[in-house]
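Let me begin by presenting the structure, written as structure tokens, before commenting on it.
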Amino acid sequence: MTAPKSDFLRVLTERGFIHQTSDFEAVDAAALENRLTTYVGYDCTGPSLHVGHLLSIMMLHWLQKTGAGKPITLMGGGTTRVGDPSGKDESRKLLTVEQIEAHKDSIKTVFSRFIGFGEGKTDALMVDNAEWLTKLNYIDFLRDVGRHFSVNRMLSFDSVKLRLEREHELSFLEFNYMILQAYDFVELNKRYGCILQMGGSDQWGNIVNGIDLGRRLGTPQLYAVTCPLLTTASGAKMGKTASGAVWLNADMLSPYDYWQFWRNTEDADAVRFLKLFTVLPMDEIAKLAALQGAEINEAKKVLATEATALLHGREAAQLAAETAQKTFEQGRLAESLPTVEVPSSILKEGLGVLTAFGPDYAKLVPSSSEARRQVKSGGLRVNDQTVSDERGTLGLSDLTSEGVIKLSFGKKKHVLLRAV
């Protein structure tokens with residue numbers, strides 16, 4: 001790969017975003033001429049995106065920041081009705097149109113933290129593929145688009161091949177997903193002059209399908225850039241914790257817990273994540289990379305604060321950092337810890353300790369069975385005392401003088417139950 005001439009590809013290369021490109025030099029040339037209208041697709045399978053989506057969002061951020069082109073966030077109002085089989089062992093649960101619309105509205109709010117929307121040349125657009133996919137005539141679509149796809153070739157793509165090799169069912173509905181995604185690329189080119197699709201490396205086959213379909217249907221040349229699917233230094237999947245996915249919406253994961261996720265980064269990942277998930281200049285990152293031993297914790301605090309500031313704002317990031325310092329370094333009970341309100345009537349009757357830590361209250365563990373497992377290993381604490389009885393209950397007598405019960409999972413995850 002030759003050295004990039006455009007600021008866009010230079011930034012993506014030096015920060016570690018690029019995994020594959022279909023034509024590096026052509027993408028570089030288009031970026032130099034500020035004509036790189038680019039899209040990334042996001043299906044609406046849940047009410048929030050998670051930290052795994054951040055790589056592609058940051059790529060759109062740098063596209064706009066460097067002036068290389070116009071970002072398009074494509075909401076999958078249409079494709080979500082089908083379900084992307086990539087990386088899945090089983091079919092996704094089919095959602096109603098109303099559920100998809102609610103998810104779409106909830107997801108939209110995150111993007112404006114990273115890219116600016118408007119009418120300018122490099123201002124971002126938000127588009128929904130339901131605009132064209134829901135209006136297709138099936139017979140016409142098969143004749144005009146479906147005839148360009150070889151079933152033999154479709155069966156060779158990982159998203160299909162892996163499912164079949166594991167003898168897991170792949171529905172005909174899902175089998176059509178790659179055709180619809182390819183058609184999205186062509187449609188975005190016709191409507192907005194979009195020439196580049198970006199996404200995770202698991203999307204490579206789907207994106208290449210779109211490039212091939214564009215060639216067959218006579219569009220200008222289309223291009224692909226993918227980012228790596230991240231794993232941590234220890235090989236774990238990026239963005240998964242004991243209590244579930246790391247969500248981007250504040251109502252699903254508090255800014256404090258988001259800060260803690262980045263603060264708990266493995267030492268070996270700190271510098272890599274500073275490059276990918278913050279906008280700190282590379283020379284500042286180089287200084288942090290030089291830290292050794294216990295000083296690496298300072299780099300991880302910078303990572304946590306900068307990543308949180310991007311998503312939730314500087315004020316929320318500073319508050320999270322101060323809360324962590326009070327809780328861990330000074331041993332004080334910080335009022336700004338995540339708080340869950342519990343009716344006094346429930347505490348009067350007694351709230352099961354497993355239930356309190358689970359998804360209905362503190363959400364520190366994903367289930368009662370996981371809470372039970374953590375009790376056996378000494379991982380759960382109430383008011384800084386280790387929980388030893390899985391059948392124990394929390395009551396009014398457990399409230400501190402501040403009117404709260406402090407629940408802790410490990411050393412760094414805390415939630416306050418506040419009686420109301």
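Given the structure is predicted, the values throughout are model-derived calculations rather than measurements.
Under the 3.5 Å distance criterion, with hydrogens and angles disregarded, no donor-acceptor pair is assigned to the side chains of D269 and T232. If you check the side chains of T122 and Q64, you find no donor sitting under 3.5 Å from an acceptor. In the model, N189 has no side-chain atom that pairs as donor or acceptor with a side-chain atom of T219 under 3.5 Å. Side chains of S48 and N249: a donor on one and an acceptor on the other come within 3.5 Å. Looking only at atom types and distance, the side chain of W262 has no donor-acceptor partner in the side chain of T308 under 3.5 Å away. No hydrogens or angles considered: nothing links the side chains of D184 and Q181 as a donor-acceptor pair under 3.5 Å. Counted by atom type alone, Q318 and E322 present zero donor-acceptor pairs between their side chains at under 3.5 Å. Judged by distance alone, the side chains of N209 and Y183 never bring a donor and an acceptor atom under 3.5 Å apart.
Salt-bridge check for R314 with E306: passed, with a basic side-chain N closer than 4.0 Å to an acidic carboxylate O. Between E298 and K301 there is a salt bridge, since at least one side-chain N of the basic residue sits less than 4.0 Å from a carboxylate O of the acidic one. A salt bridge does not link D28 with R10: none of the charged nitrogens is closer than 4.0 Å to a carboxylate oxygen. Here E25 does not pair with K5 in a salt bridge; the nearest charged N to carboxylate O distance is not below 4.0 Å. Ionic pairing of K413 and D257 is not present here: no N-O contact between side-chain nitrogen and carboxylate oxygen is shorter than 4.0 angstrom. Ion pairing between a basic and an acidic side chain is recognised when a charged N comes within 4.0 Å of a carboxylate O; R372 and E390 show such pairing.
Inter-residue side-chain proximity for T339 and V404 is flagged as unmet; no heavy-atom pair is nearer than 4.5 Å. Side chains of R15 and W62 form a contact here, defined as non-hydrogen atoms less than 4.5 Å apart. Looking only at side-chain heavy atoms (C-beta outward), I346 and Y361 come within less than 4.5 Å of each other. When side chains are defined from C-beta on, R81 does not count as touching L133, because their heavy atoms never get closer than 4.5 Å. Counting only heavy atoms from C-beta outward, the side chains of S201 and L229 approach each other to under 4.5 Å. Side-chain contact between I207 and T226: present, with at least one pair of heavy atoms (C-beta onward) separated by less than 4.5 Å. Looking only at side-chain heavy atoms (C-beta outward), W132 and V127 come within less than 4.5 Å of each other.
F277 and F273 have perpendicular rings, their planes meeting at more than 60° on a 0 to 90° scale where under 30° would count as parallel.
Taking the centre of each ring, Y192 and Y39 stay at or above the 6.0 Å mark. Aromatic ring centres of F111 and Y42 lie closer together than 6.0 Å.
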